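Below is one structure, written out as structure tokens; the observations come after it.
Every number for a ligand or one of its atoms is a count from 1 in the order of the listing. Owing to the predicted nature of the structure, the values given are computational and were not obtained by experimental measurement.
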Amino acid sequence: MSRLIINGGNRICGEVRIGGAKNSVLPILAATVLNGGINIIHDIPKLLDVYIMERILTSLGCSVKRENRTIVVDSGQLVNYVIPEELVREMRSSVIFLGAMLSRCGKVKASYPGGCEIGSRPIDLHLKSLREMGAEIEEKHGFLYCEAKKLRGCDIQLDFPSVGATENIMLAAVFAEGVTTIRNAAKEPEIIDLEKFLNAAGAKILGAGTATVRIEGVERLYNVEHDIIPDRIVAGTYLAAAVITKGEIILKNVIHEYLQPILYKFRESGCTIEYFNHSLRLIAPEEIKAVESVKTLPHPGYPTDMQAQMMAVMSLSDGTTIFTENIFENRYKHANELMRMGANIKIDGRIAVVRGVERLSGATVIAQDLRGGAALVLAGLAAEGTTVVENVRHIDRGYENIHDVLNGLGADIIRQ
Ligand code: EPZ
């Protein structure tokens, strides 16, 4: 397993372009099986999770060509309806293929996606919704056997605004008979990007980004070309790198609207933020002000995928911050590792109380999940001495060459 060796103390200063969003690319790659034709998608990040999706598409019979940051998927000839078990295990969000494959060929077999480092990750809302649309789903021996002669549109009320379930229903509804209405839908920007991709291919979807999404079934989809939206979590992570090191950063290729929940908290901590065109500049304060409360919520609330990074920043603030993780039941694994570096954190269920300390000290720490691993890198940037972050593979799932990007901004990181 690779590790990052970080010599802390350097200010993060400079400019970085933000690439396409992982959590937009993954559902859109699943959606490429729908049109049985050509899908040209630009600004694809070079991430482990994206490579896994490419391998799944190839195993289904698609031709997948990558030309730098563009992927061309030809889904004309599907030869298989089984999602390889080892790939589902490697990346649980491959469950998104259920809706897409039921729409395209009326059947799909996938192993039950297990939980992961941050929680049990149930898919009950996905399965309940697909069954309401007429899918027959058998769960046995750890596999999901799904069939649907013809999916039918219906009204679906989600108990929780699940991002994945909203996406799965949209993909299942594209060719369904009649109209599907999703109520209490997830409002994340990545849902808007999926709607834009599908409508560009000829789907009839309205309301993505709001709590009610309406999908009118159509006969077929056509060749499509699409630009992926920039990754708001990667953007927030590099902003956090500048804040924790009292630096200054310019991000190119951002959508301010999608970053508002993240920027609001950085402003509260004393940062100066300026916008211009599709860019923004953040100037960190000399002293990080403690933000009183960080509660993770579905968009447009504060994103759970930024909780760990914000915890690293608040570990060096001038006061106390109370975190409430409302989305996942086990998303504080980074706290113990931050405490090894001198952070003062008390965990009680979904609550974490972080009291800012004068300084963090370098230590050997272990990344346990994607965003928690990124948080440890941030802490290492600010810590006195050397920090070694193990299990960098977790971080590679969501960040392209994080060490190269940060070194380009003044960090001192060696990848081993
Ligand atoms: C997506 O996961 C993202 N992943 C996650 O990002 C992100 O943290 C999450 O949305 C919330 O924003 C991708 O888009 C690939 P959910 P997803 O369904 O779809 C419960 C990252 O770091 N739930 O909105 O799995 C679930 O247990 C990753 O990039 C059910 O109970 O999230 C969780 O508590 C991590 N039953 C909550 O809903 C279900 O059927 C949110 O899950 C589905 C979900």
Please check if the number of heavy atoms outside Gln157 that lie under 6.0 Å from its CD is greater than 12.
yes
Without hydrogens or angle criteria, can the side chains of Asn7 and Thr386 be said to hold a donor-acceptor pair below 3.5 Å?
yes
Does ligand 1 have an atom that lies less than 4.0 angstrom from a heavy atom of Arg92?
yes
For Tyr275, does its backbone N or O pair with a side-chain atom of Arg281 as donor and acceptor, under 3.5 Å?
no
What protein heavy atom sits nearest atom 36 (N) of ligand 1, and how far off is it?
Asp124 OD1, 2.7 Å
Does Arg89 pair with Glu86 as a salt bridge, N-O distance under 4.0 Å?
no
May I ask you to list the atoms of ligand 1 that are less than 4.0 angstrom from any heavy atom of Ser93?
15 (C)
Worked verdict on His42 versus Glu67 for side chain to side chain donor-acceptor pair (under 3.5 Å)
CA-CA 9 Å; His42 302 294; Glu67 295 141 22; over 6 Å; no
Show the atoms of ligand 1 that are less than 4.0 angstrom away from any heavy atom in Ile123.
39 (C), 40 (O)
For ligand 1, which atoms have a heavy atom of Arg371 less than 4.0 angstrom away?
21 (C), 22 (O), 29 (O)
Please work out whether any backbone atom (N, CA, C, O) or any side-chain heavy atom from C-beta onward of Leu125 is under 4.0 Å from ligand 1, and answer side chain, backbone, both or neither.
both
Around atom OH of Tyr81, are there more than 12 heavy atoms from other residues, nucleotides or ligands closer than 6.0 Å?
no
Nearest non-hydrogen protein atom, atom 16 (P) of ligand 1:
Val163 N, 3.7 Å
Using the ring of each side chain (for Trp, its six-membered ring), is Tyr145 parallel, tilted or perpendicular to Phe143, with breaks at 30° and 60°?
tilted
Lys333, NZ atom: more than 12 neighbouring heavy atoms under 6.0 Å
yes
For ligand 1, which atoms have a heavy atom of Gly164 less than 4.0 angstrom away?
18 (O), 19 (O)
What about Ile327: any of its N or O atoms under 3.5 Å from an N or O on ligand 1?
yes
Considering non-hydrogen atoms of the protein only, which is the closest contact for atom 15 (C) of ligand 1, and what is the distance?
Asn23 OD1, 3.4 Å
Judged by non-hydrogen atoms, does Arg331 sit under 4.0 Å from ligand 1?
yes
More than 12 heavy atoms of other residues, nucleotides or ligands under 6.0 Å from CD of Gln77: is that the case?
no
Atom 18 (O) of ligand 1: closest protein heavy atom, distance to 0.1 Å, is Ser162 OG, 2.7 Å
min-distance protein heavy atom vs atom 32 (O) of ligand 1 -> Phe328 CZ, 4.1 Å
Supply the atom-to-atom distance Thr180 OG1 to Glu132 CD, rounded to the nearest 0.5 angstrom.
10.5 Å
Lys204 atom NZ: more than 12 heavy-atom contacts under 6.0 Å:
no
The atoms of ligand 1 lying under 4.0 Å from a heavy atom of Phe160, numbered in the order shown, are 37 (C), 38 (O), 41 (C)
At less than 4.0 angstrom from any non-hydrogen atom of Asp305, what atoms of ligand 1 do you find?
5 (C), 6 (O), 7 (C), 8 (O), 21 (C), 22 (O), 28 (C), 29 (O), 35 (C)
Salt-bridge criterion met for Arg183 and Asp155 (N-O under 4.0 Å):
yes
Please check atom 21 (C) of ligand 1 for a protein heavy-atom neighbour under 4.0 Å.
yes
State the atoms of ligand 1, each with its element, that fall below the 4.0 Å cut-off from a heavy-atom position in Arg121.
2 (O), 17 (P), 25 (O)
min-distance protein heavy atom vs atom 11 (C) of ligand 1 -> Thr304 CG2, 4.0 Å
Among protein heavy atoms, which sits nearest to atom 31 (O) of ligand 1, and what does the distance come to when rounded to 0.1 Å?
Pro122 CG, 3.3 Å
Would you mind listing which atoms of ligand 1 come within a distance below 4.0 Å of any non-hydrogen atom of Lys22?
21 (C), 29 (O)
Part of Ile233 within contact of ligand 1 (heavy atoms, under 4.0 Å):
neither
Mark yes when over 12 heavy atoms from residues, nucleotides or ligands other than Arg393 sit less than 6.0 Å from its CZ; otherwise mark no.
no
